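So the structure is just underneath, and the comments pick up after that.
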Protein chains: 2
Amino acid sequence: MGQGTAAPAGGLRERARRAIRAEIARVGMELFLRNGFEPTTVEEIAAAAGISRRSFFRYFASKDEVVLAHLDELAATVTEALAARPADEDPWVSLRRAFDAVVAEAEADRAANYGLTRLLNETEALRGQYAERQKRAWVEAAAPILAARLPPHAGPGPDLRAEALVAAALGCVSIVADACLACGPEADFAALLDQAMAAVRPLS
Amino acid sequence: MGQGTAAPAGGLRERARRAIRAEIARVGMELFLRNGFEPTTVEEIAAAAGISRRSFFRYFASKDEVVLAHLDELAATVTEALAARPADEDPWVSLRRAFDAVVAEAEADRAANYGLTRLLNETEALRGQYAERQKRAWVEAAAPILAARLPPHAGPGPDLRAEALVAAALGCVSIVADACLACGPEADFAALLDQAMAAVRPLS
DNA sequence: GCCAGTATTGACACTGAGTGACAGATAGTC
DNA sequence: GACTATCTGTCACTCAGTGTCAATACTGGC
């Protein structure tokens with residue numbers, strides 16, 4: 001488990017497991033997008049994936065997880081992009097530029113992205129969990145990178161500066177995502193993000 | 001329904017309903033804090049409140065709702081405080097000062113506040129929904145106030161500036177809440193909030 | 001004070017998510 | 001080919017949440 005991070009594959013058996021998991025996710029998302037999240041039962045997903053209901057829960061801890069699974073990849077993308085920015089750049093600008101990677105991915109398949117956003121919005125519980133996980137994943141991954149670039153922390157108590165920066169930027173992303181949902185799939189994500197982030201702190 | 005907002009009371013019948021709802025919330029929170037959220041069943045709450053299981057769901061749409069119900073009051077507090085700030089003050093400072101009202105409330109009963117925070121943290125699904133609702137409620141209530149004080153919006157597309165400001169501030173609050181959870185019930189919420197918000201944008 | 005109309009309640013039944021236990025199938029090892 | 005560990009499906013269960021219905025309490029008008 002604690003071995004191959006981005007390696008080609010772990011063991012022979014592990015590869016099969018990964019493939020089945022991916023297939024369940026694919027089939028599940030298809031059904032969710034077609035029929036909605038709540039109306040789609042685990043039974044249906046399992047049947048469509050050719051496994052039993054019980055086995056579904058051996059691959060995903062919950063129905064939510066099928067939708068939420070996308071997030072870990074996203075966080076990795078942002079972290080990579082952030083680490084690649086010059087160390088002397090303003091942190092707020094670095095964050096804005098790091099999001100470009102995600103924006104590009106979203107714009108590459110506007111329909112899929114819009115569908116996912118609508119799905120998230122339709123189910124209150126999902127939406128909240130998605131936002132919270134995104135926050136946690138991005139803060140955990142991105143804050144340490146930023147913290148190393150900030151001037152030394154003076155004063156008592158923990159240093160919250162880097163985490164606050166990331167969380168604030170994420171707040172902007174969330175507002176933009178809401179706006180894009182209202183605007184339709186052709187919204188200019190990048191321009192709206194520029195506007196939102198510049199309102200909080202000038203982009204140098 | 002669409003009448004008394006903060007009025008003393010609606011009808012005679014409405015008052016009884018409100019009282020029962022409050023009693024369920026009180027009893028429910030007590031059980032949650034004592035035994036945890038998931039281990040506590042709706043059956044137990046209903047029994048402790050002297051009603052049937054079915055009636056519980058006539059007062060709260062879900063078990064989550066019992067915990068989440070606190071939020072609407074909080075949003076109202078912040079909105080009031082924000083509206084009371086001078087119109088020519090920097091919006092970021094206004095937001096920081098508006099949070100003072102919530103900080104004061106939290107510090108008035110540190111134990112209760114810490115318990116609630118711990119409860120939220122213990123249950124992933126709850127935590128996400130809480131954050132999401134808080135965001136939505138605060139953005140909806142506070143953004144219009146701020147928007148009226150901002151210079152006119154130029155350029156195409158919707159004006160996201162006020163919402164972005166509120167969401168960014170809320171991100172800082174969320175980071176501080178996490179930190180306070182790690183620090184214990186005696187953490188200096190106000191000072192940490194100053195630090196976090198100042199890192200994103202100088203508090204003038 | 002009495003009588004209709006309405007809202008509230010408890011009881012019952014049901015669906016669906018999630019979990020535990022167990023037996024059989026299916027791989028990988030010697 | 002026997003041995004062992006893992007994976008799988010089946011069954012049974014708890015609990016959240018919802019629809020239905022009959023009984024009951026409260027509202028109004030007379």
Side-chain angles (χ1 to χ4, degrees), chain A residues 1 3 9-25 27-29 31-32 35-69 119 122-130, chain B residues 1-4 9-25 27-29 31-32 35-69 119 122-130:
Chain A
M1 205 199 286
Q3 245 306 61
L12 295 105
R13 210 156 187 168
E14 195 67 16
R15 194 197 302 269
R17 187 172 171 79
R18 222 174 286 276
I20 296 179
R21 194 181 144 94
E23 173 66 6
I24 299 173
V27 162
M29 287 303 297
L31 288 171
F32 290 154
N35 308 327
F37 181 76
E38 275 156 355
T40 304
T41 69
V42 170
E43 188 93 43
E44 288 170 345
I45 301 173
I51 57 170
S52 72
R53 204 181 76 91
R54 191 66 185 84
S55 277
F56 171 91
F57 287 108
R58 291 193 176 104
Y59 285 93
F60 291 92
S62 71
K63 202 171 88 168
D64 305 358
E65 208 72 25
V66 175
V67 182
L68 267 30
L119 186 63
E122 154 198 312
T123 314
E124 199 64 31
L126 258 190
R127 185 175 169 71
Q129 279 189 77
Y130 193 87
Chain B
M1 206 199 288
Q3 246 305 66
L12 294 105
R13 209 158 186 165
E14 195 67 18
R15 194 198 301 269
R17 187 173 170 79
R18 222 173 285 276
I20 296 179
R21 194 182 144 94
E23 172 66 6
I24 298 173
V27 162
M29 286 303 297
L31 288 171
F32 290 154
N35 307 329
F37 182 76
E38 275 155 355
T40 303
T41 69
V42 170
E43 187 93 44
E44 288 169 346
I45 302 174
I51 57 170
S52 71
R53 204 182 76 92
R54 190 65 185 85
S55 278
F56 171 91
F57 287 107
R58 292 193 175 102
Y59 286 92
F60 291 92
S62 71
K63 203 171 88 168
D64 305 358
E65 208 73 25
V66 174
V67 182
L68 266 31
L119 185 63
E122 155 198 312
T123 315
E124 198 65 31
L126 257 190
R127 183 175 170 73
Q129 278 190 76
Y130 193 88

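Naming convention: chains lettered A, B, ... in sequence-line order (proteins, then strands); numbering from 1 in each chain. In this text, all values refer to a predicted model and were calculated from it rather than measured experimentally.
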* Side-chain heavy atoms of B:V42 within contact of B:F57, under 4.5 Å ->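 The answer is yes, as the side chains (C-beta and beyond) meet within the 4.5 Å cut-off.
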Could you check if a side-chain atom of A:M29 sits within less than 4.5 angstrom of a side-chain atom of A:L119, using non-hydrogen atoms only?
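Touching, per the 4.5 Å side-chain cut-off.
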message = Base, sugar-phosphate or nothing for B:T41? Non-hydrogen atoms, less than 4.0 Å.
response =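 It contacts sugar-phosphate atoms only.
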What is the distance, to the nearest angstrom, from the [atom1] atom on [X] to the [atom2] atom on [N]?
X	N	atom1	atom2	result
A:F57	D:dT10	CZ	C1'	15 Å
A:E44	C:dA17	CD	C1'	14 Å
B:D64	D:dA16	CG	C1'	10 Å
A:F56	D:dT10	CZ	P	17 Å
A:E124	D:dG17	CD	P	14 Å
A:F32	C:dA17	CZ	P	9 Å
A:I20	D:dC7	CD1	C1'	9 Å
A:R17	D:dA5	CZ	P	19 Å

Any side-chain N or O of A:S55 less than 4.0 Å from the OP1 or OP2 oxygen of D:dG9?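 Indeed, a polar side-chain atom of A:S55 lies that close.
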| said: Can you see if the side chain of A:Y59 gets near the phosphate of D:dT8 - specifically, an N or O under 4.0 Å from OP1 or OP2? | reply: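 Yes, A:Y59 has a side-chain N/O under 4.0 Å of OP1/OP2 on D:dT8.
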Quick one: closest heavy-atom pair of A:I45 and A:L31, and the distance?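 Answer, listing the atom of A:I45 first, then A:L31: CA-CD1, 3.9 Å.
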Quiz item: For DNA chain D, whose closest nucleotide is more 5', that of B:E38 or that of A:R58?
Solution: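 It is A:R58 whose nearest nucleotide is closer to the 5' end.
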Requested in this report: State which of D:dT8, C:dG18, D:dG17 makes the closest approach to the side chain of B:S62.
Outcome: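 The nucleotide sitting nearest to the side chain is D:dG17.
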Inset, instruction - Test for a donor-acceptor pair under 3.5 Å between the base of C:dG20 and the side chain of A:R54, counting only N and O atoms. - result: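 Side chain to base: pair found, below 3.5 Å.
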### Query
Between the main-chain N or O of A:T123 and the side-chain N or O of A:E38, is there a donor-acceptor pair closer than 3.5 Å?
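Checking the backbone N and O of A:T123 against the side chain of A:E38, no donor-acceptor pair under 3.5 Å is found.
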- request: For A:R21 and A:Y59, indicate whether the former's side chain and the latter's backbone hold a donor-acceptor pair under 3.5 Å.
  value: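 Such a contact is found between A:R21 side chain and A:Y59 backbone.
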